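Residue numbering restarts at 1 for every chain, and letters A, B, ... go by the order of the sequence lines. No experiment lies behind these values; they were computed from the predicted model shown.
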Protein chains: 2
Amino acid sequence: MAYRSTERVKARLSASRERIIAAALAIMAGHGYAGCSVAAVAERAGVATGSVYRHFPTKAHLFAEVFRTASQREVDAVARAAALEATAADQVSAVVETFSGRALRSPRLAYALLAEPVDPAVDAERLTFRRAYADLIAGYVAAGVASGELPPQDPELTATALVGALAEAMVGPLAAGVAGPATIPDLIRFIHRALGVSP
Amino acid sequence: MAYRSTERVKARLSASRERIIAAALAIMAGHGYAGCSVAAVAERAGVATGSVYRHFPTKAHLFAEVFRTASQREVDAVARAAALEATAADQVSAVVETFSGRALRSPRLAYALLAEPVDPAVDAERLTFRRAYADLIAGYVAAGVASGELPPQDPELTATALVGALAEAMVGPLAAGVAGPATIPDLIRFIHRALGVSP
DNA sequence: GCAAGAAGTGAACCACCATTCAGTCCTTGC
DNA sequence: GCAAGGACTGAATGGTGGTTCACTTCTTGC
């Protein structure tokens, strides 16, 4: 027994792994999933193509993790912004503003995360992304209903529908090119009506 | 000059073309886009693989047309149902019911049309599909606003958001497997609230 | 019936790209 | 310094499935 991986090596390995994920994310943000060949990711990460497979069994596994990471980051940002608000109406407003703002700031990435054609195994990860948003919103809606701020409704359904409305309102502009944030206030008004926020 | 295509031949050609499109649609309804190799489509249509390319320059062109056809059929059905109603509220209810009902009756096809990963060129066709629904709904909303039935709002945005809400509410169930139509009344309630239909 | 030319065929081709693997370089513990 | 074994490399491999094309079959007008 003359070799047993040590802390230093483990750290280097995990650094490599992170670099690969970061490279994949960077390419997605620049050229979408379509630009993400394994070779391109490896080159950007500064490793050989084959080395990618020391960390991930398949490309789909890699990108499942990439999507998970990126989605978590998005959901966290949205949750953080919403947590600063007190009423369901304001919490949901914060969700919409943060979500849209970030999407408009990184349109290529947003498009890749939301709607770009990807490997089915990666696509599955998107469902959990959307689910995470829906769960977040459902919590605010449920609290709003409980406190009487909002009329009775199924928070799950409301949340799912809101996520769809939000995504759809963004995807059009994202696919078309430049997207003006002009519609965001209108979108918030729509969503408040949908929630039953009393004016 | 000893050959000039005649009516009879033209008819046969266009019949072939239609059979190919129908075959593609049938396979989509059964096995999704994933099952639609050119060879499979050709076999089902009763022609040789190469013959497909006498009618369509690429697979993407073929499926762009398949999507266009299928989408038009869906939009027409929805429009026909909505046209029977008089108020914006009822028209939109009819849209939701017809859309959901048809989707739940052909879940595999609905999933393929709405959300299954496809070639980017085909994906582009989906935008026009959603746009068609949005335009339809926008018309009803605009009329409702004009007549005072609905509060002032941007009909385009409302319609886009509604399409998103509708699609999202269906995609979850469609991807998961069996979908109960149980949530449709709730969905209609949500949408009426979103439109500002007075109770 | 025949020549001209189009339609139809399907096996072969080929581009693409994820994945592999034999060889090389590093790290470790003694 | 050295043996053991892991990490790393990147050119070669292989599978998939869209696309082609030399050939056959059918249509047409005379």
How long is the line joining [atom1] of [X] and [atom2] of [N], in whole Å?
| X | N | atom1 | atom2 | result |
| --- | --- | --- | --- | --- |
| A:Ile20 | D:dC8 | CD1 | P | 9 Å |
| B:Lys10 | D:dT28 | NZ | P | 12 Å |
| A:Arg17 | D:dC8 | CZ | P | 13 Å |
| A:Glu43 | D:dA11 | CD | C1' | 15 Å |
| B:Leu13 | C:dA6 | CG | P | 13 Å |
| A:Arg54 | C:dC26 | CZ | P | 15 Å |
| B:Tyr33 | D:dG17 | OH | C1' | 11 Å |

Open item on the list: Taking the ring centre of each residue, are B:Tyr33 and B:Phe63 less than 6.0 Å apart?
Closed with: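 Aromatic pair counts; centres sit under 6.0 Å.
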Task: B:Asp123 with B:Arg126: basic N within carboxylate O range, under 4.0 Å - done: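 Salt bridge: yes.
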Open item on the list: Any side-chain to backbone donor/acceptor pair from A:Lys59 onto A:Ser37? Under 3.5 Å, distance only.
Closed with: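 Not a single qualifying donor-acceptor pair exists.
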TODO: Using modelled atom types only, decide if a donor and an acceptor are shared between the side chain of B:Arg108 and the backbone of B:His31 within a distance under 3.5 Å.
DONE: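 Yes, the answer is positive, given that a donor and an acceptor are paired below the 3.5 Å cut-off.
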Open item on the list: Looking at A:Arg68, I want to see if its CZ is surrounded by more than 12 non-hydrogen atoms of other residues, nucleotides or ligands under 6.0 Å.
Closed with: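 Yes.
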Open item on the list: Looking at A:Arg19, I'd like to know if its CZ atom is crowded, meaning that more than 12 non-hydrogen atoms belonging to other residues, nucleotides or ligands lie closer than 6.0 Å.
Closed with: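 Correct, the count exceeds 12.
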List, with names and distances, any nitrogen or oxygen atoms from the protein found under 3.5 Å away from nitrogen or oxygen atoms belonging to nucleotides 12-14 of chain D.
none

Open item on the list: At under 4.0 Å between heavy atoms, how does the protein contact nucleotides 11-19 of chain C? Give one character per nucleotide, 5' to 3', with B, S or -.
Closed with: -------SB
TODO: Respond yes when some side-chain nitrogen or oxygen of A:Arg12 is under 4.0 Å from OP1 or OP2 of C:dC26, and no when none is.
DONE: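 Checking C:dC26 against A:Arg12, no side-chain N or O comes under 4.0 Å of OP1 or OP2.
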Open item on the list: Side chains of B:Gln153 and B:Thr158: any donor to acceptor distance under 3.5 Å?
Closed with: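 Note: B:Thr158 and B:Gln153 side chains meet the donor-acceptor criterion.
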- [ ] Supply the atom-to-atom distance B:Thr128 OG1 to B:Tyr133 OH, rounded to the nearest 0.5 angstrom.
- [x]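 Output value for this atom pair is 11.5 Å.
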Open item on the list: Assess the residue pair A:Thr58 and A:Leu62 against the criterion (side chain to side chain contact (heavy atoms under 4.5 Å, CB included)); give the C-alpha distance rounded to whole Å, side-chain angles, the decisive distance to 0.1 Å, and a yes or no.
Closed with: CA-CA 7 Å; A:Thr58 67; A:Leu62 162 59; over 6 Å; no
